[in-house]
S.K.: 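For reference, the structure I am asking about is given below.
Remember, it's a predicted structure, so these values are computed and weren't measured experimentally.
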Number of protein chains: 2
Amino acid sequence: MSRRPFHRAGEAERRHDLIAATLDCIFERGLQGATVREIAARAGVTQGLIRHYFSSKDQMLQAAYKEVMAGMTRDAAVVDESLKDARTRLRAFIIANLTPPVVDGRTLSLWAAFISHVRVDPVFAEIHRDGYLAFRTALERLVADVLAEAGQDPDPSECREFAIAINGMIDGLWLEGTLVGDLFSKTPLSGIAIRSVEALLGGIRLTGNEEPS
Amino acid sequence: MSRRPFHRAGEAERRHDLIAATLDCIFERGLQGATVREIAARAGVTQGLIRHYFSSKDQMLQAAYKEVMAGMTRDAAVVDESLKDARTRLRAFIIANLTPPVVDGRTLSLWAAFISHVRVDPVFAEIHRDGYLAFRTALERLVADVLAEAGQDPDPSECREFAIAINGMIDGLWLEGTLVGDLFSKTPLSGIAIRSVEALLGGIRLTGNEEPS
DNA sequence: TCCGTAATTATTCAAGCGTATAATAACGAT
DNA sequence: ATCGTTATTATACGCTTGAATAATTACGGA
């Protein structure tokens with residue numbers, strides 16, 4: 001009876017691997033399928049190791065949720081600062097949020113699995129709140145820039161209202177577009193969103209060139 | 001050792017009670033907290049009875065999901081046909097979906113808990129799809145009526161695009177409004193939505209009277 | 001009034017869960 | 001080379017889970 005050989009990985013690497021394995025489990029079999037044993041097996045370690053890096057399974061799930069939110073924010077907020085026009089930046093922001101990798105079955109699965117915990121566990125609620133506010137704040141600033149660029153006087157509360165509405169629409173389109181995506185094959189979501197935002201902002205065009213195929 | 005007394009309830013009543021107990025459990029403790037034993041206890045029966053009415057726990061959860069979706073559709077689609085103006089009907093539709101009982105912590109909890117299963121279990125996917133399409137179809141018709149009423153020629157594909165956008169915004173506002181509702185205390189969601197839809201549809205006013213406090 | 005049916009309770013079972021603890025071996029320091 | 005540290009494995013514990021089965025009792029129809 002020989003013991004299984006192993007190698008000592010760096011703490012950061014191990015934690016990352018464990019979280020990645022956790023997310024794989026959640027994606028494929030839901031939160032219920034993310035058991036300590038299954039996660040350990042997928043990470044190629046034994047279950048005891050999990051408790052060596054996380055004080056409990058719950059704490060590991062929280063870390064995993066943080067990583068998901070951070071990933072979504074990172075992908076979503078890639079608004080190249082070099083783009084001079086605010087309109088172009090807002091357009092890029094919308095497109096980034098309504099195309100892969102944000103619009104993606106895996107991302108949605110993870111998001112949905114965790115969102116059901118937001119109202120049960122206060123720690124999850126805080127993680128969600130932080131992510132939401134970061135997103136909306138970025139959007140609010142973009143809207144203010146666009147309005148200013150169009151020569152309007154951007155009333156802060158007005159900008160916020162626009163941001164809330166646009167944020168809602170992006171969230172909803174992202175959600176339904178991913179859940180029942182096959183229903184949207186004909187018309188790209190990002191196109192709908194852009195035209196809608198243009199109308200919402202009072203007819204400001206977000207693009208000079210026609211939209212791509 | 002005397003056996004616990006009981007009474008034989010009608011099948012419909014028992015099934016309803018069991019589903020109600022299931023939803024209570026999910027609301028308070030999430031899907032993971034909805035165990036057969038806990039549900040039975042809350043329904044005032046013993047756990048064996050559940051298997052007498054449902055062939056498995058999964059099947060009972062599916063029935064519960066159907067009931068949640070049906071409830072949301074029922075509450076949401078209360079568009080009084082007697083309202084003559086299509087604009088008034090659309091306005092009522094939007095308000096109904098962005099005020100209680102649709103905007104409600106319990107409704108969201110249940111929705112969120114189930115949505116995470118949509119991508120794991122095909123049966124749940126079908127239930128969701130049916131609900132979504134019913135909702136969007138109703139909205140599509142309302143939009144067509146409003147545009148026709150405004151003297152425009154309602155191109156079907158244009159109506160659908162409007163419906164998708166509006167549906168997305170309602171979904172997103174509903175979701176975020178319930179999740180982080182305290183952030184919206186100042187400005188009512190339904191007001192934001194109505195003004196946004198007005199802009200979206202090209203400036204059509206949905207109301208003659210000013211909005212309530 | 002009695003009796004058959006089936007709705008309901010009571011009990012049991014095997015599997016899987018998160019957690020705890022002890023043994024071991026990999027690897028850096030010396 | 002050797003040693004000490006600790007990352008990692010191995011094993012076990014107690015509990016909960018969904019499901020299965022057997023025993024009962026409520027209730028309608030004769």
Side-chain angles (χ1 to χ4, degrees), chain A residues 1-26 28-65 113 117 120-121 123-124, chain B residues 1-26 28-65 113 117 120-121 123-124:
Chain A
M1 301 291 269
S2 70
R3 221 163 219 246
R4 173 211 282 207
F6 61 94
H7 89 280
R8 297 160 93 101
E11 170 165 346
E13 180 189 351
R14 264 285 186 258
R15 292 177 82 95
H16 172 267
D17 285 352
L18 289 175
I19 288 182
T22 302
L23 297 182
D24 283 349
C25 286
I26 296 175
E28 290 183 18
R29 303 175 46 196
L31 256 186
Q32 327 234 15
T35 69
V36 171
R37 282 167 176 82
E38 179 71 22
I39 293 168
R42 208 168 288 234
V45 298
T46 52
Q47 50 172 322
L49 192 58
I50 286 181
R51 284 290 309 270
H52 188 265
Y53 283 100
F54 300 94
S55 62
S56 74
K57 185 196 172 189
D58 272 350
Q59 204 227 314
M60 185 173 60
L61 287 181
Q62 290 159 8
Y65 186 33
H117 257 46
V120 173
D121 185 334
V123 178
F124 281 76
Chain B
M1 300 290 268
S2 68
R3 220 162 218 247
R4 177 213 283 209
F6 62 94
H7 91 281
R8 297 159 92 101
E11 171 167 346
E13 180 189 352
R14 263 285 186 259
R15 293 177 82 95
H16 172 267
D17 285 352
L18 289 175
I19 288 182
T22 302
L23 296 182
D24 284 348
C25 285
I26 295 176
E28 289 182 18
R29 304 173 47 196
L31 257 187
Q32 329 234 16
T35 67
V36 170
R37 282 168 176 80
E38 179 71 22
I39 292 168
R42 210 169 287 236
V45 298
T46 52
Q47 50 172 323
L49 193 58
I50 287 182
R51 284 290 309 276
H52 188 262
Y53 283 100
F54 301 93
S55 63
S56 74
K57 185 195 172 189
D58 273 351
Q59 204 226 320
M60 185 172 62
L61 288 181
Q62 289 159 9
Y65 185 33
H117 256 46
V120 172
D121 185 335
V123 178
F124 280 76

S.K.: Got a second to check how far B:Leu61's CG is from B:Ile19's CD1, nearest 0.5 Å?
M.R.: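 Those atoms lie 10.0 Å apart.
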S.K.: Please enumerate all residues that pass salt bridge (Lys or Arg N to Asp or Glu O under 4.0 Å) together with B:Arg8, with sequence neighbours excluded.
M.R.: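 Checked B:Arg8 against salt bridge (Lys or Arg N to Asp or Glu O under 4.0 Å); zero matches.
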S.K.: For the pair made of CD1 in B:Ile50 and C1' in C:dT8, what is the distance, rounded to whole Å?
M.R.: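 Rounded to the whole Å, the gap is 13 Å.
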S.K.: Mind checking what makes side chain to side chain donor-acceptor pair (under 3.5 Å) contact with A:Gln59, not counting sequence neighbours?
M.R.: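 For A:Gln59 the side chain to side chain donor-acceptor pair (under 3.5 Å) partners, ignoring immediate neighbours, are A:Ser55.
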S.K.: May I have the distance from A:Arg15 (atom CZ) to D:dT8 (atom P), rounded to whole angstrom?
M.R.: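 Taking CZ of A:Arg15 and P of D:dT8, I get 12 Å after rounding.
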S.K.: Could you give the distance from CE (B:Met60) to CG (B:Leu18), rounded to the nearest 0.5 Å?
M.R.: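 Reported value, rounded in 0.5 Å steps: 6.5 Å.
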S.K.: Can you tell me how far the SG atom of B:Cys25 sits from the CZ atom of B:Arg37, to the nearest 0.5 Å?
M.R.: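 Between atom SG of B:Cys25 and atom CZ of B:Arg37 there are 13.0 Å.
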S.K.: Give me, pair by pair, the N or O atoms of the protein and of nucleotides 1-3 of chain D that are less than 3.5 Å apart, along with how far apart they are.
M.R.:
none

S.K.: How would you list all residue pairs meeting ring-ring contact (aromatic ring centres under 6.0 Å, His included) that involve residues 38-65 of chain B, not counting sequence neighbours?
M.R.: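 Every pair satisfying ring-ring contact (aromatic ring centres under 6.0 Å, His included) with a residue in residues 38-65 of chain B: B:Tyr65-B:Phe114, B:Tyr65-B:Phe124.
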S.K.: Return the set of residues passing salt bridge (Lys or Arg N to Asp or Glu O under 4.0 Å) with B:Arg15 (not counting sequence neighbours), or none when no residue passes.
M.R.: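 Only B:Glu11 meet the salt bridge (Lys or Arg N to Asp or Glu O under 4.0 Å) criterion with B:Arg15.
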S.K.: Which letter, B, S or -, goes with each nucleotide of nucleotides 16-26 of chain C from 5' to 3', with contact meaning a protein heavy atom under 4.0 Å?
M.R.: -BBBS--BBBB
S.K.: For B:His52 and C:dA6, what is the distance between atoms NE2 and P respectively, to the nearest whole Å?
M.R.: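 So the two atoms are 9 Å apart, to the nearest Å.
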S.K.: In whole angstrom, give the distance that lies between atom CG of B:Leu49 and atom P of D:dT25.
M.R.: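 Spelled out: CG on B:Leu49 to P on D:dT25 is 16 Å.
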S.K.: When the side chains of residues 39-49 of chain A are checked against the rest of the protein, which donor-acceptor pairs come out under 3.5 Å, sequence neighbours left out?
M.R.:
unit_1	atom_1	unit_2	atom_2	d
A:Arg42	NH1	A:Glu28	OE1	3.2
A:Arg42	NH1	A:Glu28	OE2	3.2
A:Arg42	NH2	A:Glu38	OE2	3.0

